[in-house]
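Below: one structure, written as structure tokens.
Keep in mind that what you see is a predicted model, and the values were worked out from it rather than measured. Just the heavy atoms: all of them, side chains too, but no hydrogens, waters or symmetry mates, feed the values below. Both counts, for ligands and for their atoms, begin at 1 and track the order of listing.
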Amino acid sequence: MIEAQRLEKHFGAVTAVREVSLRAPDARITGLLGPNGAGKSTTLRMLYTVLVPDRGDALIDGHSAVHAPLAARARLGVLPHGAGIYPNLTARENILYFGALQGLGAAARRARAAELLKLLEMEEFADRPARGFSQGERLRTALARALVHRPRNLVLDEPTNGLDVMAVRALRRLLQQLRDAGHCVLFSSHVMQEVSALCDEVVVIAHGRVLEQGTPEEIRARTGSGSLEEAFVRLIATAEG
Ligand code: ADP
Ligand code: MG
């Protein structure tokens, strides 16, 4: 489980994130939904410990991102915005390399790589250099890498950006499988349809503030809207004043 507690981040005069509290439970897919510039990436980067908050904290399975970043990080798999993979390494080598960085021994990372290549249906292209990969193959390689240390929690920053339809469908299936296996999945998106198609829980963010969070049904009901899309439009319009 991931819990953000009144996270705040300023860049000079810009307040990117203001008192953001959110909860992403286990066995749920949680969507962080907001327009460009809303503070999604800044929030996620504080959760996965590459950015230190000015105020507030985040707990990853109870471990503080601020005070125990290594323990927090060990429980997280991360797919950063525009995640790059090493083009000269094969898919398998990309996974093995990250396994080594995570401290897995040689036999353990070989076994884990084989397991992930099977789980993500990557065996066909496992031993080709990543250079020539399709978007979907690149995404699966990046995901396998993020999952190499069996993290309980998975954070993805706009994972569907630039993906074709087939790759998006494969990603959805995978996130659902992880959710059904009990993992906490938190991803950001600026695409309403993306979030409504996939999420059990939604956190709406704009101008660095959380405007609403709950199930799509709860958010619809609370905003008196007929659909999540209508609720989203109303919330954003209200926030713009
Ligand atoms: P999102 O991911 O929702 O598009 P971001 O978290 O990237 O939003 O950005 C939120 C705000 O913070 C934006 O106004 C952005 O310009 C600003 N911002 C983000 N990162 C930096 C940075 N490193 N330096 C200065 N401003 C930043
Ligand atoms: Mg972003």
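For the residue pair Ser188 and Asp157, a side-chain donor N or O sits within less than 3.5 Å of a side-chain acceptor on the partner.
Here's the thing with Thr43: none of its N/O atoms is less than 3.5 angstrom from an N/O atom of ligand 1. Where the criterion is an N or O separation shorter than 3.5 Å, residue side chain and backbone included, Val14 fails it with respect to ligand 1.
Contact annotation: Gly208 has no heavy atom less than 4.0 Å from any atom of ligand 1.
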Would Val155 and Ile2 count as a side chain to side chain contact (heavy atoms under 4.5 Å, CB included) here? Give the steps. CA-CA 10 Å; Val155 173; Ile2 299 175; 3.7 Å; yes
Just do the side-chain hydrogen bond (donor to acceptor under 3.5 Å, both in side chains) check on Gln177 and His183 with the steps written out, would you? CA-CA 9 Å; Gln177 278 172 28; His183 291 269; over 6 Å; no
Side chain to side chain contact (heavy atoms under 4.5 Å, CB included) between Asn88 and Arg131: does it pass, once the steps are laid out? CA-CA 6 Å; Asn88 294 330; Arg131 195 179 306 105; 2.8 Å; yes
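Applying side chain to side chain contact (heavy atoms under 4.5 Å, CB included) to Leu154 and the options Leu143, Leu174, Leu76, Ile29 leaves one that passes, Leu143. Tested against Ile205 for a side chain to side chain contact (heavy atoms under 4.5 Å, CB included), the candidates Leu235, Leu22, Thr43, Ile236 yield a single pass: Thr43.
Those atoms of ligand 1 with a heavy atom of Pro35 less than 4.0 angstrom away are 3 (O). For ligand 1, the atoms sitting less than 4.0 Å from at least one non-hydrogen atom of Asn36 are 4 (O), numbered in the order shown with element in parentheses.
Smallest separation of non-hydrogen atoms from Ala146 and His149: O-CE1, 3.3 Å.
Taking a cutoff of 4.0 Å between a charged side-chain nitrogen and a carboxylate oxygen, Arg140 and Glu137 do not qualify as a salt bridge. Looking at Lys118 and Glu123, no side-chain N of the basic residue comes within less than 4.0 Å of a carboxylate O on the acidic one, giving no salt bridge.
Counting heavy atoms only, Gly37 comes closest to atom 10 (C) of ligand 1 of the residues Gly37, Gly34, Ser189.
Looking from atom 25 (C) of ligand 1 to the surrounding protein, the closest heavy atom is Phe11 CB, 3.4 Å. Looking only at protein heavy atoms, the nearest one to atom 9 (O) of ligand 1 is Thr42 OG1, 3.9 Å. Of the protein's non-hydrogen atoms, Ser41 CB, 3.7 Å is the one closest to atom 7 (O) of ligand 1. Among all protein heavy atoms, the one lying closest to atom 8 (O) of ligand 1 is Gly39 N, 3.1 Å.
Put simply, Ser41 gets within reach of the Mg ion (ligand 2), with an N, O or S atom under 2.8 Å from it.
Under the 4.0 Å distance rule, the nearest protein heavy atom to atom 15 (C) of ligand 1 falls outside the cut-off. For atom 12 (O) of ligand 1, the protein comes within 4.0 Å by at least one heavy atom.
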